There are 2 protein chains.
Amino acid sequence: MSDKYEGLKLKNQLCFPLYAVSKEIVKRYKPFLDRIDLTYTQYITMMVLWEHKCLNVKELGEYLFLDSGTLTPLLKKLEQKGLVERCRNKDDERILQVTLTKAGEKLKEKAVDVPASMMSCVHLEEKEAESLYRILYKILGEFSEDAEEG
Amino acid sequence: MSDKYEGLKLKNQLCFPLYAVSKEIVKRYKPFLDRIDLTYTQYITMMVLWEHKCLNVKELGEYLFLDSGTLTPLLKKLEQKGLVERCRNKDDERILQVTLTKAGEKLKEKAVDVPASMMSCVHLEEKEAESLYRILYKILGEFSEDAEEG
DNA sequence: TTTGATTGCATTGTACACAATTTAATTTCG
DNA sequence: CGAAATTAAATTGTGTACAATGCAATCAAA
């Protein structure tokens with residue numbers, strides 16, 4: 001029955017639904033994030049900063065799985081908006097410290113409803129959400145290990 | 001214990017691991033796809049064409065969850081590579097039909113090992129893979145319904 | 001201590017993604 | 001029929017993503 005091309009069908013891929021769902025969910029964030037004038041990538045960057053207050057570019061990249069090619073222009077934009085400050089570490093001039101401004105800290109108040117608003121866009125049972133979460137972090141964990149070895 | 005900002009922590013998001021895993025897996029496709037000179041998006045586009053032979057831009061977009069803004073330049077690039085032909089439908093000039101060339105059809109032979117190669121990059125148990133697949137398609141299904149309702 | 005390697009970030013170039021708008025073709029309806 | 005609405009692609013503008021490269025600061029080791 002199954003020809004040798006069966007594996008090349010879109011519906012037999014695991015990556016494709018991941019890719020599609022990820023994009024579609026990010027798209028559904030837009031109306032909520034428009035209200036606080038952030039893109040999705042800017043939003044998750046702010047989220048890490050809200051939790052950790054001060055991080056350098058490398059640390060941000062490790063949390064977000066993004067490199068300096070993405071983060072450098074993004075952080076400059078957040079600086080333009082007055083949400084973060086970028087300043088070199090005195091002890092090691094290579095390191096760029098990113099800290100929240102007062103406006104950046106304050107934006108947290110306006111963002112607090114976003115997660116709950118988003119939950120209403122994806123209808124999963126508690127068990128499914130937990131299962132999805134666990135499996136995704138299992139994969140991410142392996143990828144992080146690869147990065148440490150590599 | 002849990003303050004009102006608990007929901008804003010990265011680790012409490014379901015979207016973030018989706019976004020990160022999706023990107024990381026696509027990244028891991030690169031060495032395999034380089035061999036056949038395709039990007040990931042070009043690869044999934046070819047995959048749909050290998051299965052359906054001839055599709056218009058709208059149909060491709062529905063399969064791939066992509067719009068003409070992404071597909072138009074991508075299809076022009078595949079045409080440049082000699083993998084597809086783009087020609088207007090005679091009965092309705094608005095519609096652009098995309099068909100495989102012989103070279104495009106032949107590339108399927110070289111791509112046949114890609115899915116198996118990729119499987120070795122993500123270590124999931126059969127049950128986990130099935131569960132992940134089912135949940136993702138459940139979400140995608142809802143999103144498709146939303147699109148139909150408009 | 002000096003030079004060779006490494007590190008942290010920035011830059012460049014290519015390729016998506018998608019919202020918003022435009023254009024041209026077709027359909028619908030008064 | 002003929003104007004208005006709809007549809008399918010293409011275009012434009014903004015914002016990621018990331019590989020590859022560049023560069024300055026720091027580290028390491030002989």
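Only this structure's heavy atoms are used, side chains among them; waters, hydrogens and symmetry mates stay out. Fair warning: this is a prediction, and the values are worked out from it, not measured in the lab. The chains referred to below are lettered A, B, ... by the order of the sequence lines, with proteins before strands, and numbering in each begins at 1.
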message: Using whole Å, what does the distance between atom C1' of nucleotide D/dA19 and atom NZ of B/K30 come to?
response: 7 Å
field: Ring-ring centroid check A/Y19 B/Y40, cutoff 6.0 Å
entry: yes
- request: Mind calculating the distance between CZ (B/F16) and P (D/dT16) to the nearest angstrom?
  value: 15 Å
- prompt: Taking OP1 and OP2 of D/dT26, is either one under 4.0 Å from a side-chain nitrogen or oxygen of A/R88?
  reply: no
query: In whole angstrom, what separates A/K23's NZ from D/dT16's C1'?
result: 13 Å
- request: Verify the neighbour count for atom NZ of A/K102: are there more than 12 heavy atoms of other residues, nucleotides or ligands below 6.0 Å?
  value: no
message: Under a 3.5 Å distance rule, please check whether A/T101 uses its side chain to pair with a backbone N or O of A/G104 as donor and acceptor.
response: yes
- prompt: When you look at NZ of A/K127, are more than 12 heavy atoms from neighbouring residues, nucleotides or ligands closer to it than 6.0 Å?
  reply: no
- prompt: Is the number of heavy atoms from other residues, nucleotides or ligands within 6.0 Å of NZ (B/K106) greater than 12?
  reply: no
query: Mapping B/G69 and A/K76 to their closest nucleotides on DNA chain C, which lands nearer the 5' end?
result: A/K76
- prompt: OP1 or OP2 of D/dC18 sitting under 4.0 Å from any side-chain N/O of B/K27?
  reply: yes
message: Any base atoms under 4.0 Å from A/T41, or only sugar-phosphate, or nothing? Heavy atoms, all strands.
response: sugar-phosphate
Chain A footprint on DNA chain C, 5' to 3' - any atom under 4.0 Å from a heavy atom: C/dT7 to C/dA19
- prompt: Does any donor atom in the side chain of B/Y133 or A/Q13 lie under 3.5 Å from an acceptor atom in the other side chain?
  reply: no
task: Whole angstrom is fine here: how far is it from CG in A/L64 over to C1' in D/dT16?
output: 13 Å
- request: Name the residue closer to the 5' end of DNA chain D, choosing between A/P73 and B/T72 according to the nucleotide with the nearest heavy atom.
  value: B/T72
- prompt: When the distance from CG of A/L66 to P of D/dT16 is rounded to whole Å, what number comes out?
  reply: 10 Å
- prompt: Quick one: is B/N56 getting a side-chain N or O under 4.0 Å of the D/dA9 phosphate, OP1 or OP2?
  reply: yes
field: Position toward the 5' end of DNA chain D (nearest nucleotide), A/K90 or A/K77
entry: A/K77
- prompt: Going by heavy atoms closer than 4.0 Å, what residues in residues 91-101 of chain A are next to DNA chain C?
  reply: A/R94, A/I95, A/L96
field: Shared hydrophobic cluster for A/V48 and A/L107 (ILVMFWY, side-chain gaps under 4.5 Å)
entry: yes
message: Counting the atoms with a prime plus P, OP1 and OP2 as sugar-phosphate, which does B/L74 contact under 4.0 Å by heavy atoms, base, sugar-phosphate, or nothing?
response: sugar-phosphate
Interatomic distance where CG belongs to A/N89 and C1' belongs to D/dA24 [whole Å]: 15 Å
task: Send over the distance from A/K81 NZ to D/dG15 C1', rounded to a whole Å.
output: 10 Å
task: State which residues pass ring pair (Phe, Tyr, Trp, His ring centres under 6.0 Å) with B/F16; sequence neighbours excluded, sorted by chain then number.
output: none
- prompt: When you measure from the side chain of B/D113 to the backbone N and O of B/A116, does any donor-acceptor pair fall under 3.5 Å?
  reply: no
- request: Look at atom NZ of A/K110 and say whether more than 12 heavy atoms of other residues, nucleotides or ligands are closer to it than 6.0 Å.
  value: no
- request: Answer with base, sugar-phosphate or nothing: what part of the nucleic acid does A/T39 contact at a heavy-atom distance below 4.0 Å?
  value: sugar-phosphate
task: Provide, to the nearest angstrom, the distance between the CG atom belonging to B/D67 and the P atom belonging to D/dG13.
output: 17 Å
